[in-house]
Amino acid sequence: MFAIVDCNNFYASCERLFQPKLEHQPIVVLSNNDGCVIARSNEAKALGIKMGAPAFEIQTLLEQHQVAVFSSNYALYGDISHRVMQVLGRFTPAIEIYSIDEAFLDVAQLAFTDLETYASTMRTTVLQQVGIPTTIGIAASKTLAKAANRYAKKACKTTGVFVMDTEAKRQEVLEALPVEDVWGIGRKYQVWLDAHNIKTAWQLSNTNLAWIQKKMGVVGLRLVKELQGIACYDLEEQPAAKQGIMTSRSFGNLISEKKLLQEAIATHATRCAEKLRKQHSCCALLQVFIHTNAYRKQDAQYHGVLSIPIPTATDSTSELIQLAMSALDHIYKPGFLYKKAGVYVSEIVPRSQVQLSLFSSKDRGKEQQLLEAMDKINTLMGRDKVRYAAAGISRKWKLRQEKKSPCYTTNVNELLRIKN
DNA sequence: TCTGGGGTCCTAGGACCC
DNA sequence: TCTGGGGTCCTAGGACCC
């Protein structure tokens, strides 16, 4: 049996945690640049605010209902997520952190435990010790656990737990689940399934396997088997190293100046190098892109992209910055209004397996020490406390984040103030 | 005026090997 | 007159997830 623990309206709940007066009030959290809605409290959902809605389109609605609006604060959400996962980890070591707000647990070992009580205790503990409400679904496969979780959100609001431990319950849950809400069914498959009159998860779980495999490949085959209660996916406790790492941002304002693009690209390259070092990897391919705002039909459009192979895989900030700068030289065209820039690194190998070059005169050990020292300082004293000058100091290209809450739990200067 | 930022896995087809 | 039977690696693109 698998359990999935899902934090309810996670980002909205994190904001509410430090502003209890927002209990029972509608809350939305906006994407980077305050662009569109990426999280909603139940009250905001009830107002009909859709996931992904551009903020400017629903401006009046937000004001009318006095919705509390927040810019996203990933330092806060990341820290709260970590706390939730730690509490869950005390219940069982068999935990897979699936996303910032979800974890799968393997509860098969708990054959003699009452799973309902077990899950209920976990929920209460997380709520008490971290303050985040959760919902828990338990079933024979990950896909069914997801379905059980969804069911619990609607049908078991007070307990927040649903254990799918009989065939009757499986049928009950799957019959109530629209096929497009099945984990692994996206818009394309929904359209195709609908055309074949498959509207519910129950119907999907009873289709012919060969027929499904023809259209949806082995992925579809596994999906249907999982719905039938045959687990095809195991718990993955050790997260695998990333095979590609992307850092990109939209700009707060449109940019045409090359210098600002250079600063942004250098910053993104810095971030990619940090992420590489964090997972003890090096990359052998670097890609840089810049593009204009495709929504602005009146503007001339341009999308520049260039990949540079790196002879000896690296995790060096300076090396990635240099390569990224030369890539930018090739793709930059003056006269365009740029909206977004990014750096992507791939062909990732473990640092211990990097093939060195016979002809390189570089002292890699020495540079490694420098990078370690930089990482240490920045971890201790705050991001970018020491950084390469190429990343600039003006930050004119920065995001718009007008409604960001304080980093209550990660910055000593922004602690919650109880009384002035 | 204003529209996010990351990731994964799988498949088909081409080029090549013996 | 007749033209095998296995493989691998790579890439682009499509589907999905949060």
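First the proteins, then the strands, lettered A, B, ... as listed; each starts at 1.
- If you check B/dC18 for Watson-Crick or wobble pairing at under 3.5 angstrom, you find it paired to C/dG5.
- Taking 4.0 angstrom as the limit, A/Arg249 places a side-chain polar atom (N or O) nearer than this to OP1 or OP2 of B/dG6.
- Side-chain proximity of A/Asn293 to the nucleotides B/dT3, C/dC16, C/dC18 is greatest for B/dT3.
- At the heavy-atom level, A/Asp34 lies nowhere under 4.0 Å from the strands shown.
- Backbone-only engagement by A/Ile185 is indicated by non-hydrogen atom pairs under 4.0 Å involving sugar-phosphate atoms exclusively.
- Across all strands shown, the partner of B/dA12 is C/dT11, judged by Watson-Crick or G-U wobble contacts whose two distances both fall under 3.5 Å.
- For A/Gln243 and B/dC9, the shortest distance from a side-chain N or O to OP1 or OP2 is below 4.0 Å.
- Taking only side-chain nitrogens and oxygens, A/Lys146 comes nearer than 4.0 Å to OP1 or OP2 of C/dC18.
- Of the candidate nucleotides B/dC2, B/dT11, B/dG4, B/dC2 has the atom lying nearest to any side-chain atom of A/Leu254.
- Here the side chain of A/Arg123 pairs a donor or acceptor atom with the backbone of A/Thr134 at under 3.5 angstrom.
- Distance check, rounded to the nearest 0.5 Å: NZ of A/Lys146 to CD of A/Glu102 gives 3.5 Å.
- For A/Val219, the side-chain atoms get nearest to B/dC10 when compared with the rest of B/dC10, C/dC17, B/dG5.
- In this structure, CD1 of A/Ile212 is placed 16 Å from C1' of B/dC10, rounded to the nearest angstrom.
- Remark: the A/Ser316 side chain and the A/Ser318 side chain contain an N/O donor-acceptor pair separated by less than 3.5 Å.
- Nucleic acid contact for A/Glu57: none, since no nucleic acid atom lies under 4.0 Å from a heavy atom of the residue.
- Residue contacts for A/Ile245: at a heavy-atom cut-off of 4.0 Å it reaches the sugar-phosphate backbone alone, with no base atom in range.
- At the phosphate of B/dC2, neither OP1 nor OP2 sits under 4.0 Å from any side-chain N or O atom of A/Lys339.
- Checked for salt-bridge contact, A/Glu96 and A/Lys142 meet the test: a charged N lies under 4.0 Å from a carboxylate O.
- Side-chain rings of A/Phe104 and A/Phe2 stay apart, their centers remaining 6.0 Å or farther from each other.
- Counting non-hydrogen atoms of neighbouring residues, nucleotides and ligands closer than 6.0 angstrom, the NE2 atom of A/His82 reaches no more than 12 such neighbours.
- Per the geometry, CD belonging to A/Glu63 stands 14 Å off C1' belonging to B/dC2, to the nearest Å.
- Distance, A/Glu180 CD to C/dC17 C1': 16 Å, rounded to whole Å.
- When rounded to the nearest whole Å, the span between CE of A/Met51 and P of B/dG5 equals 14 Å.
- In this structure, of B/dG4, B/dG5, B/dC10, it is B/dG4 that holds the atom nearest to the side chain of A/Tyr295.
- Between B/dT3, B/dG7, C/dC18, one nucleotide has an atom nearer to the side chain of A/Phe56 than all others, and that is B/dT3.
- For the pair A/Met216 and A/Ala55, nearest-nucleotide mapping onto DNA chain B gives the more 5' position to A/Ala55.
- The separation between A/Ile38 atom CD1 and B/dT3 atom P is 15 Å, rounded to whole Å.
- Residue-level contact check: A/Thr247 touches the backbone only, with heavy atoms under 4.0 Å from sugar-phosphate atoms and none from bases.
- Phosphate proximity of B/dT3 to A/Ser250: absent, as no side-chain N or O sits under 4.0 Å from OP1 or OP2.
- Among B/dG4, C/dC17, B/dG6, the nucleotide with an atom closest to any side-chain atom of A/Tyr98 is C/dC17.
- Among the protein residues, A/Val29 comes within range of no part of the nucleic acid, since none of its heavy atoms lies under 4.0 Å from any strand.
- Taking atom NZ of A/Lys215 as the reference point, atom P of B/dC10 lies 18 Å away to the nearest angstrom.
- For the pair A/Arg400 and B/dT1, the criterion of a side-chain N or O lying under 4.0 Å from OP1 or OP2 is not met.
- Using a 4.0 Å heavy-atom cutoff across all strands shown, A/Gly244 reaches sugar-phosphate atoms only and no base atom.
- Of the listed nucleotides (B/dC2, C/dC18, B/dG5), C/dC18 has the atom at the smallest distance from the side chain of A/Trp183.
- A donor-acceptor pair shorter than 3.5 Å cannot be found between the side chains of A/Glu167 and A/Gln171.
- Comparing B/dG5, C/dC16, B/dT3 by their closest approach to the side chain of A/Pro54 singles out B/dT3.
- Using a 4.0 Å cut-off, some side-chain N or O of A/Lys340 falls inside it from OP1 or OP2 of B/dG5.
- Among the protein residues, A/Arg222 comes within range of the sugar-phosphate backbone only, with heavy atoms under 4.0 Å from sugar or phosphate atoms but none that close to a base.
- Within 4.0 Å of A/Gln59, counting heavy atoms only, lies no atom of the nucleic acid at all.
- Distances were taken from every side-chain heavy atom of A/Lys188 (C-beta onward) to each of B/dG4, C/dA15, C/dC18; the shortest belongs to C/dA15.
- The distance between atom CZ of A/Phe251 and atom P of B/dT1, rounded to the nearest whole Å, is 21 Å.
- With contacts defined as side-chain heavy-atom distances shorter than 4.5 Å, the pair A/Tyr77/A/Asp101 does not qualify.
- Candidate nucleotides C/dA15, B/dG4, C/dC17 were compared by shortest atom distance to the side chain of A/Tyr189, and C/dA15 ranks first.
- In this entry the distance linking CG of A/Leu337 with P of B/dT1 reads 14 Å, nearest Å.
- No engagement by A/Asn33 is indicated, since no non-hydrogen atom pair under 4.0 Å with the nucleic acid exists.
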